[in-house]
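Data block below; observations after.
Keep in mind the model is a prediction, meaning the values are calculated, not measured. The first residue in the sequence is number 1, and the count goes up from there. Hydrogens, waters and symmetry mates are skipped; everything else that's a heavy atom, side chains included, is used.
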Amino acid sequence: PGGTAIIIEAITDNRNRTISEIKNILNEARGKFAEPGSVLWVFEKNSELPWQPKFNQEKTPEDIGGLRKLIDEVSQHDDVQNVYHN
């Protein structure tokens, strides 16, 4: 939502299944799946959080609602460990 970059960290025994299921969640939210590592330029690592956004992106109230819903849906997936966004 609103062009937000998202990092999804997952631990899985079946990479293809997990990627397929996460792609489905993103498609339902009108999101796009990018190749692993392609949004890392938006984030930096520091001691507080593994992935801290370099800059925040302005979002409308609709974007915020859609982002919260998307993060909730992705986070409920059994293989997902963490979700970070800018």
At what distance, to the nearest 0.5 angstrom, does [atom1] of [X] lie from [atom2] of [Y]?
X: I22; Y: L26; atom1: CD1; atom2: CG; answer: 7.5 Å
X: D79; Y: I19; atom1: CG; atom2: CD1; answer: 11.0 Å
X: T4; Y: Q57; atom1: OG1; atom2: CD; answer: 5.0 Å
X: R68; Y: E73; atom1: CZ; atom2: CD; answer: 14.5 Å

Item to check | Smallest separation among heavy atoms of A29 and L70, with atom names | outcome: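 For A29 and L70, the tightest heavy-atom pair comes out as CB-CD1, 3.8 Å.
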
Checklist entry - Which heavy atom of R15 sits nearest a heavy atom of P36, and at what distance? => result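 Distance-wise, the nearest heavy atoms are NH2-CG, 3.9 Å.
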
Item to check | Other ILVMFWY residues reachable from F43 by side-chain steps of under 4.5 Å | outcome: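 The other cluster members (ILVMFWY side chains, heavy atoms under 4.5 Å, direct or chained) are I7, V39, L40, W41, V42, W51, F55, Y84.
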
Could you tell me which residues satisfy side-chain hydrogen bond (donor to acceptor under 3.5 Å, both in side chains) with [X], sequence neighbours excluded, listed by chain and number?
X: N24; answer: none
X: S38; answer: none
X: N82; answer: E9
X: D13; answer: R17

Checklist entry - Are I8 and I6 close enough that some pair of their side-chain heavy atoms sits under 4.5 Å apart? => result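 Heavy-atom side-chain distance check passes, below 4.5 Å.
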
Checklist entry - Taking the side chain as C-beta and beyond, is there a heavy-atom pair between H77 and E21 under 4.5 Å? => result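 The answer is yes, as the side chains (C-beta and beyond) meet within the 4.5 Å cut-off.
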
Item to check | Residue pairs, two or more places apart or on separate chains, that pass salt bridge (Lys or Arg N to Asp or Glu O under 4.0 Å) and touch residues 28-38 | outcome: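 Not a single pair qualifies under salt bridge (Lys or Arg N to Asp or Glu O under 4.0 Å).
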
Checklist entry - Hey, mind stepping through S75 and D72 against side-chain hydrogen bond (donor to acceptor under 3.5 Å, both in side chains) and telling me if it holds? => result CA-CA 5 Å; S75 297; D72 286 344; 5.7 Å; no

Checklist entry - Backbone N or O of P53 within a donor-acceptor pair of the N86 side chain at under 3.5 Å? => result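 Side chain of N86 to backbone of P53, a donor-acceptor pair under 3.5 Å: no, none is there.
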
Next on the checklist: Donor-acceptor pair, distance only, cut-off 3.5 Å: does the side chain of T18 make one with the backbone of N14?
Outcome noted: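 Side chain of T18 to backbone of N14: a pair is present.
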
